[in-house]
Every structure is written in structure tokens, then in C-alpha cells.
Amino acid sequence: MRPSELHTSNQRGNRGCGRQRRCVLSALLILLALATVSASAQTTITPGTSTIQLAGTPDPFSSITAPDGGLVMYGTAISTVTNQPVRHLWVADGSAGICRIDPDLDSSGPYAINPGTCAFQLNGSRITGGGMAFDPTTNLLYFADQKQGIFQITYVSGADSGNGLLDYTTLFGMGGNPAGSVFPGGQTGCALPGNPNQPNSVALDPQGNLWVGSKSASILRFNNPDAASIDFGSCAAFIQAVATTPNNRVVTGLAWIGHNLWGADSESAFVIPNADIACLITPNPPCSPANGTVLAMPSIAGPTSLAGDQFYPNTNGDNLYFGLTNDVAWLGNAGAAAANQTLAPAYIGPSVALANVGAIVVDGTDPANLMVFSGDDPSGLGTAGAGRWFQTAGTSAGLAAPGTPLNVVAEGNDSQVTLTWSPAQVAQPVTSYTVHNNFASNGVTVGD
């Protein structure tokens with residue numbers, strides 16, 4: 001089955017496979033080759049976008065300081081606007097810490113950090129946080145705090161009248177703490193191997209392991225972090241240095257597309273193909289430029305942050321957004337070979353006047369129409385209250401047919417097939433996908 005054989009519709013109705021991007025078909029077996037990654041040039045595009053400022057200066061009641069990470073998380077309350085669970089932007093703020101921005105993203109603003117969701121300290125220092133990754137199967141949020149290490153904490157979606165809160169009593173320091181620090185339960189966490197210095201980014205791989213970037217060239221992997229507890233066993237087995245960046249540059253962000261680990265460092269974007277099954281997995285050594293397992297992507301220069309539309313445990317991400325000093329770059333069809341990828345070097349454009357982008361967040365609530373949030377610091381110095389958050393959506397000249405689904409992958413046996421794909425980002429509403437069966441080896445027709 002080719003991607004063109006998945007027909008899309010603008011008609012309203014049952015979302016069907018649209019939200020989950022997954023269908024199960026009986027009596028059909030399909031084998032598709034996975035795309036590989038190469039260093040060829042992408043096709044440059046200039047998509048239409050619309051950007052609004054969500055929070056921050058000059059609003060004195062919406063103080064934002066040095067945004068350094070974020071995530072969209074869902075509550076259990078039902079939005080009166082969408083009749084779906086509410087969703088909030090959670091941010092890592094250089095002053096307030098890890099906080100929820102209110103109101104929910106489908107309500108009317110003004111938007112501001114809710115101080116009641118973020119005030120907590122550890123070892124006499126406020127946890128400000130950095131990159132974040134969420135495991136919806138365990139409700140565990142992982143985050144990097146540049147001063148104190150890598151943490152996990154439980155997110156309670158039903159707390160605060162269904163708007164969601166972090167349960168601070170569950171905070172667990174997994175590694176990287178300064179000498180002498182003591183975390184909840186009396187444990188001290190593991191030292192980060194190789195002294196990588198100030199962890200700043202995290203991403204969950206398809207196996208559920210946590211990959212960590214820092215202000216060094218080293219990339220670490222926390223194995224089975226959901227099982228970590230005070231007695232997690234050997235630190236050498238729990239945390240491993242599994243890769244290094246091109247040219248030994250500082251990591252600024254990590255994200256997964258399929259089984260490929262994408263990264264941003266202070267010089268360029270890079271990618272490690274099949275990193276979750278290759279890097280320091282017997283008999284493989286750590287991945288590095290020296291053994292050809294880390295590939296630099298110089299077409300995206302000097303990225304400051306990174307986020308994508310692959311959300312654990314899914315493996316069908318397709319879009320990456322790189323924070324730049326004064327804009328955001330969008331890499332589309334990232335799961336394909338580079339010659340089939342598209343690159344928008346100025347996704348937001350100069351009219352917004354971004355300055356020192358420190359955080360990128362992707363909202364995948366509608367997989368065919370991704371929403372991108374960017375946090376910047378025009379002061380460049382982490383000045384209190386000088387930061388901002390923006391919201392960007394794709395625009396279209398008019399209503400048209402949605403784009404052909406991308407990266408169609410089927411996995412199955414003799415009785416059923418699980419089909420996944422990535423919606424094309426063409427700023428068109430998609431309410432459902434219809435999957436047609438175009439052959440059956442036993443001659444029995446299978447319905448749509």
C-alpha cells in the first residue's frame with residue numbers, strides 16, 4: 001500500500017484513525033522499507049505561518065524569565081471550547097521554575113505563569129528545569145535541571161480540578177547532583193559519567209530509555225528510568241555515556257524521529273541513525289563521528305534548542321523545529337532521506353523579531369496541524385521578566401485537500417496489520433483517514 005492509497009477527507013465526522021494515526025486491518029500483510037538518513041541537501045520552502053505572543057513582556061502580570069524548556073500536558077477537565085480534555089503549556093522558567101501557564105490553551109487569554117503550580121526548592125536552590133520529556137504510560141515527567149541534575153516526578157492529570165499538577169512528594173533525583181546534595185528519601189543519585197557538566201535536554205527513546213544532553217559534547221542514556229528508585233542498583237549500568245556530538249560541540253537539544261536520534265549543538269543539527277539499537281548496544285561501541293555513526297547536518301546552523309512531533313511511545317514522528325538565535329527552522333518529512341526532506345530556515349519570519357530563542361515546544365494535539373511554541377529572551381542575559389512565549393500555527397490561502405500521509409509503515413502477521421503514518425503539514429483541517437484494501441491474497445474483500 002502506497003501513501004497515496006490512504007485517502008483523506010475534510011468532511012466533519014468521526015475522527016477515526018486521525019488522532020491516533022493507527023488502524024488495524026484484518027487479513028492483510030504489508031512490508032514497507034524504512035527510510036534511511038543521508039547528508040544530502042533538503043528542499044527549501046517558505047510556508048505560511050501566523051504567530052501571536054502568548055505571554056511575557058511588556059505585560060507586567062505575565063513575567064517570563066529566560067525560557068529553557070517546555071511541554072504540553074493534558075488534564076482531565078473537559079474544555080468548553082473543544083469538548084476535549086484541557087491542555088496547558090508547562091514551561092521551565094529561569095526565575096519561577098517548572099510552572100503551568102494558565103488558562104488552558106483553548107481558552108481566551110491573557111496567559112501567565114500560575115505561581116501556585118511551581119514554587120518548590122531543593123537543597124536551598126530553586127529547581128528551574130530545562131528540557132522535559134513525558135511518559136504517558138507511567139505519568140512520569142523527566143526533566144533536566146542545569147544546576148542539580150536529572151529528575152523524575154509524577155504528573156497528576158486530575159489534580160487542581162482536572163487542570164493537572166506535579167506531585168512534588170514524588171520528586172526523584174536520578175543523577176548529576178552537586179557534591180553533598182541530598183534528595184527526597186535520603187538518596188543522592190548517581191554521578192554523571194565523564195563529568196558532562198550542566199544537563200540541559202532530555203528525550204525518551206522508543207525503548208523507554210532517557211537520553212540526556214548537556215553543556216558538553218557527551219550524550220548520556222539512563223536505562224529503564226521508569227523503574228528507578230532509591231535502590232536502582234549499579235550507577236555504571238543505570239547511566240552510560242553512549243554518544244558524542246560532531247566536532248565536540250555543546251548539546252542544545254535532543255528529539256527522536258522513528259529510531260533516529262536528532263540533536264542540536266552549538267554548531268549544527270546532527271542525527272544518529274537507529275541510535276536506540278546501535279549506540280553502546282552489544283557489540284556496538286558508543287556512537288561518535290569517529291566511527292561514522294553521528295552525522296552532522298550543516299544546513300541548520302547554530303541551533304539553540306530542538307523539539308519534534310514524536311511523543312513517546314509513538315515512533316512515527318516526522319517534523320523537527322530548531323530554535324535559532326532570531327527565528328525557528330522547520331525540517332519536514334524528517335523521517336525520510338534528506339533529498340525528500342523540506343527545510344524552512346525562517347519558519348516564523350523576521351516580522352516577529354524573536355531574540356535568543358531558548359525553548360521550543362510542539363503541540364501534537366492535532367497531528368496534521370502542529371502548533372509550535374517558542375520562548376525567547378530579548379535581553380540575552382536572563383533578565384527577570386524580560387522573556388516571552390509565542391504561539392505559531394501554519395496558514396493556508398484557502399480550503400483544499402489535505403496532503404498525502406507520509407512515512408506509512410505497516411507491521412503485521414497472518415491475521416492483522418497495524419498501520420501508522422505521519423500527516424502532511426499543509427495547514428488543512430483533517431477529521432479522518434479512510435484506509436482502502438486494494439488486494440487480498442485469499443480473494444476475500446476487506447471493507448474500508
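Values below: every heavy atom of this structure, side chains too, minus hydrogens, waters and symmetry copies. When a residue number appears, it is its place in the shown sequence, counting from 1. Note that the structure is a prediction, hence the values are computed from the model and not measured.
- Closest of all the heavy-atom pairs between Ala410 and Leu419 is CB-CD1, 3.9 Å.
- Two residues are said to be in side-chain contact when any heavy atoms from C-beta on lie closer than 4.5 Å; Val271 and Leu261 fail this criterion.
- Of all heavy-atom pairs between Leu280 and Pro286, the closest is CD1-CD, 3.5 Å.
- In the model, Ser216 has no side-chain atom that pairs as donor or acceptor with a side-chain atom of Ser218 under 3.5 Å.
- A donor-acceptor contact under 3.5 angstrom links the side chains of Gln428 and Ser396, judged on distance only.
- There is a side-chain donor-acceptor pair under 3.5 Å between Thr365 and Tyr74.
- When every heavy atom of Val202 is checked against every heavy atom of Gly131, the shortest pair comes out as CG2-O, 3.5 Å.
- A donor atom on one side chain and an acceptor atom on the other are not found under 3.5 Å apart for Gln84 and Asp106.
- Judged by distance alone, the side chains of Gln425 and Asn369 never bring a donor and an acceptor atom under 3.5 Å apart.
- Within the 4.5 Å cutoff, the side chain of Leu71 has heavy atoms near those of the Leu141 side chain.
- The closest donor-acceptor contact from the side chain of Ser62 to the backbone of Tyr111 lies under 3.5 Å.
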Does the ring pair (Phe, Tyr, Trp, His ring centres under 6.0 Å) test come out yes or no for Phe238 and Phe222, once each step is laid out?
CA-CA 6 Å; Phe238 182 46; Phe222 284 66; 5.4 Å; yes
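- Atom OG1 of Thr252 is separated from atom CG of Asp265 by 6.5 Å, given to the nearest 0.5 angstrom.
- The closest side-chain donor-acceptor pair between Asp167 and Thr169 falls under 3.5 angstrom.
- Counted by atom type alone, Asn291 and Thr293 present one or more donor-acceptor pairs between their side chains at under 3.5 Å.
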Test side chain to side chain donor-acceptor pair (under 3.5 Å) on Asn223 and Gln240 and set out the steps.
CA-CA 8 Å; Asn223 298 307; Gln240 298 169 327; 3.2 Å; yes
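- For Gln207, the side-chain hydrogen bond (donor to acceptor under 3.5 Å, both in side chains) criterion is met by Asp276, not counting sequence neighbours.
- Between the side chains of Asn407 and Trp421, no donor N or O sits under 3.5 Å from an acceptor N or O.
- Looking at Gln42 and Ser299, their side chains do bring a donor and an acceptor atom within 3.5 Å of each other.
- A 4.5 Å side-chain heavy-atom check between Val86 and Ile78 finds every atom pair outside the cut-off.
- At a cut-off of 3.5 Å, with distance as the only test, no side-chain donor of Thr117 or Asn114 sits close to an acceptor on the other residue.
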Should Gln391 and Met371 be marked as a side-chain contact (heavy atoms from CB on, under 4.5 Å) after you check the CA-CA gap, both sets of side-chain angles, and the distance that decides it?
CA-CA 7 Å; Gln391 181 186 62; Met371 194 78 68; 3.6 Å; yes
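- Under the 4.5 Å side-chain criterion, counting only non-hydrogen atoms from C-beta, Asp145 is in contact with Phe143.
- Nearest heavy-atom pair, Thr404 versus Ala424, reported as atom, atom and distance to 0.1 Å: O-CB, 3.6 Å.
- Nearest heavy-atom pair, Pro402 versus Pro429, reported as atom, atom and distance to 0.1 Å: CG-O, 4.0 Å.
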Could you walk me through whether Asp226 and Gln152 pass the side-chain contact (heavy atoms from CB on, under 4.5 Å) check?
CA-CA 8 Å; Asp226 58 330; Gln152 66 167 225; 5.8 Å; no
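- A side-chain N or O of Asp104 and one of Ser107 form a donor-acceptor pair less than 3.5 Å apart.
- Residues Gln341 and Ala334 approach most closely at NE2-O, 3.3 Å, considering heavy atoms.
- For the side-chain contact (heavy atoms from CB on, under 4.5 Å) with Phe390, the lone residue among Val328, Leu354, Leu54, Val357 that qualifies is Leu354.
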Could you give me the CA-CA distance, side-chain angles and deciding distance for Trp389 and Phe373, then say whether side-chain contact (heavy atoms from CB on, under 4.5 Å) is met?
CA-CA 7 Å; Trp389 277 98; Phe373 299 90; 4.0 Å; yes
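- The aromatic ring centroids of Tyr347 and Tyr321 lie less than 6.0 Å from each other.
- One finds no salt bridge joining Arg388 and Asp377 here, because no Lys/Arg side-chain nitrogen approaches an Asp/Glu carboxylate oxygen to under 4.0 Å.
- Two residues are said to be in side-chain contact when any heavy atoms from C-beta on lie closer than 4.5 Å; Asn316 and Val409 fail this criterion.
- Of the possible donor and acceptor atoms, one in the side chain of Asp376 sits under 3.5 Å from a partner among the backbone N and O of Ala355.
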Would you check, one step at a time, whether the test side-chain contact (heavy atoms from CB on, under 4.5 Å) holds for Met174 with Leu210?
CA-CA 11 Å; Met174 299 194 299; Leu210 186 71; 3.8 Å; yes
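- Between the side chains of Asp205 and Trp211, at least one donor N or O sits under 3.5 Å from an acceptor N or O.
- For the salt bridge (charged side-chain N to carboxylate O under 4.0 Å, His left out) condition, the pairs that include at least one residue of residues 238-251, sequence neighbours left out, are Arg249-Glu267.
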